[in-house]
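Before any comments, here is the structure.
Model, not experiment: these values are computed from the prediction. Note that these values count all heavy atoms, side chains included, but never hydrogens, waters or copies made by symmetry.
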There are 2 protein chains.
Amino acid sequence: MGKVSASSSAHAFKVACSNCNLRELCMPVGLNDQQMQRIDDIVATRRKIKRGGSLFRNGEAFTSLFAIRTGFFKTCVATEDGRDQVTGFQMAGEIIGLDGIVNDHHTCDAVALEDAEVCVMPFDRIEELSREVTPLQTHLHKIMSREIVREHGVMLLLGSMRAEERLAAFLLNLVQRLHDRGFSQSELVLRMTREEIGSYLGLKLETVSRTFSKFAEDGLVEVKQRHVRILDTDALKAIVNSQQA
Amino acid sequence: MGKVSASSSAHAFKVACSNCNLRELCMPVGLNDQQMQRIDDIVATRRKIKRGGSLFRNGEAFTSLFAIRTGFFKTCVATEDGRDQVTGFQMAGEIIGLDGIVNDHHTCDAVALEDAEVCVMPFDRIEELSREVTPLQTHLHKIMSREIVREHGVMLLLGSMRAEERLAAFLLNLVQRLHDRGFSQSELVLRMTREEIGSYLGLKLETVSRTFSKFAEDGLVEVKQRHVRILDTDALKAIVNSQQA
DNA sequence: CGATGGGTTGAGCTAGCTCAAAAGCGGTGG
DNA sequence: CCACCGCTTTTGAGCTAGCTCAACCCATCG
């Protein structure tokens, strides 16, 4: 698989979305062959990122969106005074980099939480083609809108839920997305630390740990380090909608 | 949609973006006459919304984006169990309704905090025209990306700031946006209640009120009900970047 | 094996919450 | 013009969820 530099490398070989098993996740459906062909051409290259490496960083020029092929990312923003906040965790089939469009440079960091590979899609090509292939245009708009709606959900979580609700919502969301990708509905391996979960959820790592322990004590989940088995999905759902405030 | 409810009404008369003094805020710049002409055609109608009325509600079909001409809105999402969270406050020149694109129905409520008027822009027309007028396409993408970046900022605020930092950041943001629209840099009238501010900032209304009082006591602002005069912008900025955690 | 980075757990603290009372403000009707 | 009502805001007093600080454990890896 080519020569890999420090933490990432660009590859010149061509890849085909039309053969990609993640197609339904990142590409529009219902394209004819010719349209599919043209979309294949959008993916300029792939890029591998080693665990801990970054796909892009705050301040870097924006040129491309990235479709995650394998691996797991976090995105985080930072204040001037150095605090930072995880704004999301992204997995295979998801599109990353939308934040860069508005000012032509990225405003957050995207860091690989495990070795990863992404498809590089130059944004000028996307815009060009989406003028001609209507389903692509529609798809792009929906992806951006979906991100806005997702963030609304995070704001709701951060603004009005208590610790247990937040963690329950987080677990349910993760396992749902994994299930959409063909994994178990009840078992998952966390790719991130307690601290990263805490940052995302607006909690301290100790609180995350304690809340995991409480869930385990109550028989809702089994937790062994980063391995989590969900034993009672309904109880977790009930916690999210508990309104116990 | 279509039918006019108690608190809003649709007007059939035509309006022209080209003559609108908010043009630079909601429309692309650098268009030629012919392009401008065509964009004028996007604005199908205007719609007035009385204070307290809603522009759209969670669950309603999505057909159009709205450009705020006058007035002030809040958007809020709700959990199944009835809690809700203000996700943003929108003022003249801002675009509202992007959440509806992904699933063809709205996922939040947009409520007028004062009598308001919006330009109704059918989204299918926008998509159609943005295939032909590249600056419009670019502009649409930037608007959506800007919203994503804005929400990142809110997540940072909700996830990692303390009450004083949140309120200071909120005031600075509001006054900045008002200043961009030609209003004072230091004086503003809040269009929302303490409770709505609290919801947006993830705080209780009492905490918002107390924090205002503390700022006033410290000589940073003068507060008389909803009239706020900022006396020391730099001190507010220092609070936002205090990292006192 | 020792070092290192994550994770857990305990003990005490505090920012922000809850509950409660009272006061200001704006509209309405006599 | 005044009295009243409903809504918003302020302020006080006490409480608590989640934080801080600290110790310890566990897994991995050179």
Side-chain angles (χ1 to χ4, degrees), chain A residues 50-52 72 74 83 85-86 111 113-115 157-171 188-218 221-228 239 242-245, chain B residues 50-52 74 83 85-86 111 113-115 157-171 189-218 221-228 239 242-245:
Chain A
K50 282 236 181 303
R51 178 179 171 176
F72 205 93
K74 67 170 177 181
R83 275 172 294 187
Q85 169 74 28
V86 173
V111 176
L113 297 179
E114 58 183 4
D115 291 0
L157 179 146
L158 290 172
S160 72
M161 292 187 180
R162 35 196 41 265
E164 289 183 26
E165 300 173 271
R166 294 184 197 193
L167 189 63
F170 170 74
L171 285 175
L188 67 158
V189 177
L190 300 172
R191 253 67 232 218
M192 69 297 280
T193 66
R194 301 291 190 258
E195 185 166 21
E196 286 161 338
I197 297 172
S199 171
Y200 181 60
L201 298 179
L203 302 170
K204 293 294 158 181
L205 69 94
E206 296 95 328
T207 304
V208 173
S209 178
R210 276 183 238 274
T211 307
F212 268 127
S213 299
K214 171 142 197 317
F215 283 175
E217 213 170 289
D218 295 351
V221 300
E222 258 174 44
V223 184
K224 266 200 218 112
Q225 301 291 122
R226 298 197 179 181
H227 291 256
V228 177
I239 285 174
S242 67
Q243 171 72 310
Q244 76 171 3
Chain B
K50 282 235 181 305
R51 178 180 170 175
K74 68 170 177 181
R83 274 172 295 187
Q85 168 75 27
V86 172
V111 177
L113 297 179
E114 58 182 4
D115 291 0
L157 180 146
L158 289 172
S160 70
M161 291 186 181
R162 34 198 39 266
E164 290 183 26
E165 301 174 271
R166 293 184 199 194
L167 189 63
F170 170 74
L171 285 176
V189 177
L190 300 171
R191 254 67 233 218
M192 68 296 280
T193 66
R194 302 290 190 257
E195 185 166 21
E196 285 161 339
I197 297 172
S199 172
Y200 181 60
L201 299 179
L203 302 170
K204 293 295 160 181
L205 68 95
E206 295 95 328
T207 304
V208 173
S209 178
R210 278 184 237 274
T211 307
F212 268 127
S213 299
K214 170 140 197 318
F215 284 175
E217 213 171 289
D218 296 350
V221 300
E222 258 175 43
V223 184
K224 264 200 218 109
Q225 300 291 123
R226 299 196 180 181
H227 291 257
V228 177
I239 285 174
S242 68
Q243 172 72 309
Q244 76 171 6

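- A:Glu196 is listed as a side-chain neighbour of A:Leu113, based on a closest heavy-atom distance under 4.5 Å.
- Distance alone, capped at 3.5 Å, is enough to place a donor-acceptor pair between the B:Asp115 side chain and the B:Arg51 backbone.
- Between A:Leu113 atom CG and C:dG6 atom P there is a gap of 12 Å when expressed in whole angstrom units.
- For the helix from C:dC1-D:dG30 to C:dG30-D:dC1, the terminal axes (five pairs an end, C1' atoms, rotation from four pairs onto the next four) enclose an angle of 30°, given to 10 degrees.
- Taken from NZ in B:Lys204 to CD1 in B:Ile197, the straight-line distance is 15.0 Å, to the nearest 0.5 Å.
- At whole-Å resolution of the value, NZ in B:Lys224 and C1' in C:dG24 are 13 Å apart.
- For the pair A:Thr207 and D:dC19, the criterion of a side-chain N or O lying under 4.0 Å from OP1 or OP2 is met.
- Looking only at distances, a side-chain donor or acceptor of B:Thr211 sits under 3.5 Å from a matching main-chain atom of B:Thr207.
- The separation between A:Arg194 atom CZ and D:dT20 atom P is 18 Å, rounded to whole Å.
- The nucleotide whose nearest atom lies closest to any side-chain atom of A:Ser209 is, among C:dT18, D:dT9, C:dG7, C:dG7.
- Side-chain proximity of A:Thr193 to C:dG6, C:dG16, C:dT18: nearest is C:dG6.
- In this entry the distance linking CZ of A:Arg166 with C1' of D:dG18 reads 10 Å, nearest Å.
- Atom CG of A:Leu201 is separated from atom P of D:dA17 by 18 Å (rounded to the nearest Å).
- Once rounded to the nearest 0.5 Å, the distance linking CZ of A:Phe212 with CZ of A:Arg226 reads 10.5 Å.
- Nucleic acid contact for B:Gly202: sugar-phosphate only, since backbone atoms but no base atoms lie under 4.0 Å from a heavy atom of the residue.
- Between the side chain of B:Ser213 and the backbone N or O of B:Ser209 there is at least one donor-acceptor pair closer than 3.5 Å.
- A donor-acceptor pair under 3.5 Å is formed between the side chain of B:Arg166 and the backbone N or O of B:Leu158.
- The residue among B:Leu205 and A:Val208 whose nearest nucleotide of DNA chain D is located toward the 5' end is B:Leu205.
- Atom pair B:Phe212:CZ and D:dT10:P shows a separation of 8 Å (rounding to whole Å applied).
- C:dA15 atom C1' lies 15 Å from atom CG of A:Leu203, rounded to whole Å.
- Side-chain N or O atoms of A:Ser199 include one that pairs as donor or acceptor with a backbone N or O of A:Val86 at under 3.5 Å.
- Candidate nucleotides D:dT11, C:dT9, C:dG16 were compared by shortest atom distance to the side chain of B:Arg162, and C:dG16 ranks first.
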request  = Can you check each nucleotide of nucleotides 22-30 of chain D against protein heavy atoms at under 4.0 Å and return B for base, S for sugar-phosphate only, - for none, in 5' to 3' order?
outcome  = ---------
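- Nearest heavy atoms, B:Val223 versus B:Gln225: CG1-O, 3.5 Å.
- Regarding A:Met161, its CE atom lies at a distance of 17 Å from the C1' atom of D:dG18, rounded to whole Å.
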